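Here the structure is laid out as structure tokens; the discussion comes afterwards.
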Amino acid sequence: MKKAVFAVLAVAAMAAGASYSYARPAFGHEYDVVDAAGNVIGGAEFTCSARWYTWGDQNGTRVLVNSYEC
């Protein structure tokens, strides 16, 4: 019984992994993160591979500074 349950779960996991895909975004975006005084304290980028990269302090306001076509 345990082997049958394990086999069903293994097949379900493989099917879910094989069907995973994502749509590539149409645009990438670059952001500055600014504090209340307007000083840049960090930044972020949403890339064409649909990943977020961040740096610096993220505890501020995110301001869009650039968009680019993917």
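For clarity, every value in this text was computed on a predicted model and none was experimentally measured. Quick note: numbers below take in every heavy atom, side chains included, and nothing from hydrogens, waters or symmetry partners.
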In terms of heavy-atom contacts, Cys48 and Pro25 come closest through O-CD, 3.3 Å

Is any side-chain heavy atom of Glu30 less than 4.5 Å from a side-chain heavy atom of Tyr68? yes

The side-chain hydrogen bond (donor to acceptor under 3.5 Å, both in side chains) partners of Thr54 (sequence neighbours excluded) come to none

Scanning both residues in full, the closest heavy-atom pair of Gln58 with Gly43 reads NE2-O, 3.0 Å

### Query
Leu64, Trp52: one ILVMFWY side-chain cluster at the under-4.5 Å cut-off?
yes

* Asked: If only atom types and distance count, is the side chain of Asp35 paired as donor or acceptor with the main-chain N or O of Ala37 below 3.5 Å?
  -> yes

Between Tyr31 and Val65, is there a side-chain heavy-atom distance shorter than 4.5 Å?
no

From the list Val34, Ile41, Val33, side-chain contact (heavy atoms from CB on, under 4.5 Å) with Thr61 holds only for Val34

Heavy atoms of His29 and Ser67 approach each other most closely as ND1-OG, 2.9 Å

Nearest heavy-atom contact between Val40 and Asp32 is CG2-OD2, 3.9 Å

